[in-house]
**Q** 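For reference, the structure I am asking about is given below.
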2 protein chains.
Amino acid sequence: MTSHLENLPPIIDGRQSETALRVQRGTMRLMRERFDFCCYAEVSLASGRRADVLGVGPKGEIWIIEIKSSLQDYQVDKKWPEYHEFCDRFFFAKPPELDGDIFPEDQGLIVADGHGAEIIRNADEDKLSAARRKAMMLRIARMGADRIHQLMDPGPSAI
Amino acid sequence: MTSHLENLPPIIDGRQSETALRVQRGTMRLMRERFDFCCYAEVSLASGRRADVLGVGPKGEIWIIEIKSSLQDYQVDKKWPEYHEFCDRFFFAKPPELDGDIFPEDQGLIVADGHGAEIIRNADEDKLSAARRKAMMLRIARMGADRIHQLMDPGPSAI
């Protein structure tokens, strides 16, 4: 039986690559250590998109970081501008070996490896509305609880 | 060398007992499955107290459940009324073998074991102020992120 799914292009998902995981780790360390931002990886947004890294600052600031591990990884994503609707600041994060010039000059840029990260270019602030911030904070507070609860007790999803 | 700490009474902490852990597990399942509340265990509040279980409802409702695994566990705690400042509803949770009559009649009561739980007596609602709710949601969103980040990468606290 032939499925129409076979005709689709292969899914390219840099999130799952070793490189992307190193960039994720370094970026999350930078956020935590330098900026006192508490970070989640892989956050589903109300739009259906998933943010690679979402950080929550001490005053409720929300930053989103989109990890791009290769040129192709960047080129196939046409929807990254949508992240701006869900954060106060937006950054791309890249491994050291990837050319930073491929990213738009008006977007924040982080370089990261598995040990740490640096901000190469800061991101302009575009503040969320109070209503959106409130909705996002509730969403991630609940998501965080569920992720930990699932680890503590896999039962709830099985019963 | 003698420390003045030696003169303090022994710490009685029902949270750490096997019984308390079973009550915690059943209570968190009840909250998740029946009420769609996402739960954290052991939540530090702004007052310095720790809530045994704190649940966040779909609309941002916050419930706190204080686990009491024995009569003594209940008797030594004179400060439980302070939890009311940090939640919309407050419940005690007890194991099946503990007499429910030891708890005040005007407080919510849950009976729980390691598999599940039931609400024996509902709790009156006393809504948090918007400012307190906002502050708590930020606090637990950040706490949840840190707990998971610590599991993903123990490095940040070591570097």
Side-chain angles (χ1 to χ4, degrees), chain A residues 21-43 51 53-63 112-117 130-131 133-159, chain B residues 21-43 51 53-63 112-117 130-131 133-159:
Chain A
L21 285 174
R22 282 195 295 272
V23 172
Q24 179 201 78
R25 192 164 81 150
T27 298
M28 289 176 70
R29 285 186 178 187
L30 171 78
M31 296 279 280
R32 192 70 199 86
E33 296 294 315
R34 189 89 56 83
F35 300 106
D36 189 19
F37 270 57
C38 304
C39 293
Y40 291 97
E42 305 280 347
V43 178
V53 175
L54 185 150
V56 182
K59 294 179 180 174
E61 310 93 320
I62 294 178
W63 295 1
D113 61 21
H115 302 287
R133 190 184 312 280
K134 183 180 173 185
M136 288 188 70
M137 211 62 76
L138 172 57
R139 187 183 184 91
I140 59 181
R142 281 170 55 86
M143 181 197 71
D146 278 349
R147 287 185 180 180
I148 298 164
H149 191 187
Q150 184 67 30
L151 291 171
M152 293 169 69
D153 177 17
S157 63
I159 56 179
Chain B
L21 285 175
R22 282 194 296 271
V23 173
Q24 179 202 76
R25 192 164 83 150
T27 299
M28 289 176 71
R29 286 186 178 187
L30 171 77
M31 296 279 280
R32 190 71 198 85
E33 296 294 315
R34 189 87 56 86
F35 300 106
D36 189 19
F37 270 56
C38 304
C39 293
Y40 291 97
E42 303 281 347
V43 177
V53 174
L54 184 150
V56 182
K59 294 179 179 174
E61 310 94 320
I62 294 178
W63 295 1
D113 60 22
H115 302 286
R133 190 184 312 280
K134 183 181 173 185
M136 289 188 69
M137 211 61 76
L138 172 58
R139 187 183 184 90
I140 59 180
R142 281 169 56 85
M143 182 198 70
D146 277 351
R147 287 185 180 181
I148 298 164
H149 192 186
Q150 184 66 31
L151 291 171
M152 292 170 70
D153 177 17
S157 63
I159 55 179

**Q** Test of understanding: with side-chain contact (heavy atoms from CB on, under 4.5 Å), list the residues that count as partners of B/Cys39, not counting sequence neighbours.
**A** B/Met28, B/Met31, B/Val53
**Q** If you define the side chain from C-beta out and look only at heavy atoms, does anything of A/Lys134 sit under 4.5 Å from A/Leu138?
**A**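 Not in contact.
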**Q** Using the salt bridge (Lys or Arg N to Asp or Glu O under 4.0 Å) criterion, which residues pair with B/Arg133? Sequence neighbours excluded.
**A** B/Asp88
**Q** Identify which part of B/Ala135 has an atom lying under 4.5 Å from any heavy atom of chain A, answering side chain, backbone, both or neither.
**A** neither
**Q** Compare all side-chain heavy atoms of A/Gln24 with those of B/Asp153 and state whether any distance is below 4.5 angstrom.
**A**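 Answer no - side chains too far apart.
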**Q** Quick one: what part of B/Leu54 sits under 4.5 Å from any heavy atom of chain A, side chain, backbone, both or neither?
**A**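 Neither part; nothing is under 4.5 Å.
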**Q** Between B/Ala41, B/Pro58, B/Gly55, B/Gly60, which has the largest tally of heavy atom pairs under 4.5 Å with chain A?
**A** B/Pro58
**Q** Which bit of B/Met152 is near chain A, if near means a heavy-atom gap under 4.5 Å: side chain, backbone, both or neither?
**A**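 Just its side chain gets close to chain A.
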